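The shown structure was predicted, so the numbers you read here are calculated from the model rather than taken from an experiment. Numbers here simply count residues along the sequence, with the first being 1.
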Amino acid sequence: MDERQLRILRELGELGSVSAVAEALLVTPSAISQQLRLLQRSVPVPLTERQGRRLVLTDAGQALAGAATEVEAALARARGAVEGFLGRPDGEVSVAAFHSAGAAFFPPLLRALAAPGMPRVALADEDVPQEDFPRLTREYDLVLAHRLDHTPPWPRTVTATTLLREPLDVAMPAGHPLAAKRRVTPKDVADEPWITVHDGFPVLATIEAIAAAAGRRLHLAHRINEFAVVAEAVAAGGGIALMPRWTMRRHPDLVLRPLTGVRARRHIDALHRPERTARRAVRTVLTELRRAATVIQDRDDDSIDAGN
């Protein structure tokens, strides 16, 4: 038995005929009769009987119709609870981000949502290989993920909102000979020691593209995923590195130089399962992430040479 069948039985008890029930529910009498037959198959005693030309409820039918009233009331309360949950502006929203995105987006998000009545965010850092980001949407409402510009899009199981298309620049000490250039090419940087990420993480594909464009293998001196640590290693003379232009805090001893000859850009996307944005609170947080992305890009778009 299901909710619709129980409602038909209840209406039959109140209205007294199949045709009256059909008219009330805006369906055909044959559809009503079919649903009553399906309901009867699930119950071992008769629910209806004929009284002349009328179809009326038996005692068992009346008992089930009374229970149907309680079921319908309970379902109405359940729907109201769900609608209240979906419409709450101040519900909790879980947000995960890889490290540099967390550093850039979490502070403005916390400030924007500090007012009363705004969503409460539960923040987490998740540094995973690119293919593992979609799986995180099982655990979090929103996941800030990154992929390179030329890589395949995210799977259809998740919805992606692009927040930034961020250039990756070459970071080097301020006194490095290449710092005198406004832009560098793969051949300029091919003989330098490199600090790069572990296998499976997006930036490594751009390192491989640099090597292909230069026509020789690069010397990967150090493998460090956290860009803040990479910055310190570059400043200490450990090598050069690819660094995000907008989402990393400027280091006073480094300069960033745009790279020509290869596609060096990453997408920062907010991933979520489609049903998550049925909640008003999740939509509010996503709006604030978009707003933060605009501020981050506008603030740093003209500051590539900061730290010179």
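Side-chain contact, His99 with Glu126: no donor N or O sits under 3.5 Å from an acceptor N or O. Side chains of Arg120 and Ser94: a donor-acceptor N/O pair is absent below 3.5 angstrom, by distance only. In this model, a donor atom of one side chain and an acceptor atom of the other lie less than 3.5 Å apart for His267 and Asp149.
How far CH2 of Trp194 is from CD1 of Ile240: 4.0 Å, rounded to the nearest 0.5 Å. Once rounded to the nearest 0.5 Å, the distance linking OG1 of Thr196 with CG of Leu220 reads 6.5 Å.
Remark: side-chain polar atoms of Arg276 are paired, donor with acceptor, to backbone N or O of Thr137 under 3.5 angstrom. Remark: side-chain polar atoms of Gln62 are not paired, donor with acceptor, to backbone N or O of Ala65 under 3.5 angstrom. Looking at Gln5, its side chain does come within 3.5 Å of a backbone N or O of Asp2 through a donor-acceptor pair. One N or O on the side chain of Ser33 and one on the backbone of Pro29 form a donor-acceptor pair closer than 3.5 Å. Side-chain N or O atoms of Asp188 include none that pairs as donor or acceptor with a backbone N or O of Leu178 at under 3.5 Å.
Note on Arg7 versus Glu11: salt bridge recorded, some NZ/NE/NH1/NH2 to OD/OE distance being below 4.0 Å. Salt bridge status for Arg279 with Asp141: present, with a side-chain N to carboxylate O gap under 4.0 Å. With respect to Glu166 and Arg245, no salt bridge is recorded, no charged nitrogen being found less than 4.0 Å from a carboxylate O. We find that Asp90 and Arg88 are joined by a salt bridge, their nearest charged nitrogen and carboxylate oxygen being less than 4.0 Å apart.
Among residues two or more places apart in sequence or in another chain, the salt bridge (charged side-chain N to carboxylate O under 4.0 Å, His left out) test is passed with Glu192 by none.
The two residues Arg283 and Ala278 make their nearest non-hydrogen contact at NH1-O, 3.1 Å.
Aromatic rings from Phe201 and His146 are positioned such that their centres are separated by 6.0 Å or more.
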For residues 109-116, tabulate all N or O donor-acceptor pairs below 3.5 Å that involve a side-chain atom, not counting sequence neighbours.
none

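Following chains of ILVMFWY side-chain contacts shorter than 4.5 Å, one cannot reach Leu47 starting from Val56, and the two form parts of different hydrophobic clusters. Tracing side-chain contacts under 4.5 Å through hydrophobic residues (I, L, V, M, F, W, Y), one reaches Val170 starting from Val229; they form part of the same cluster.
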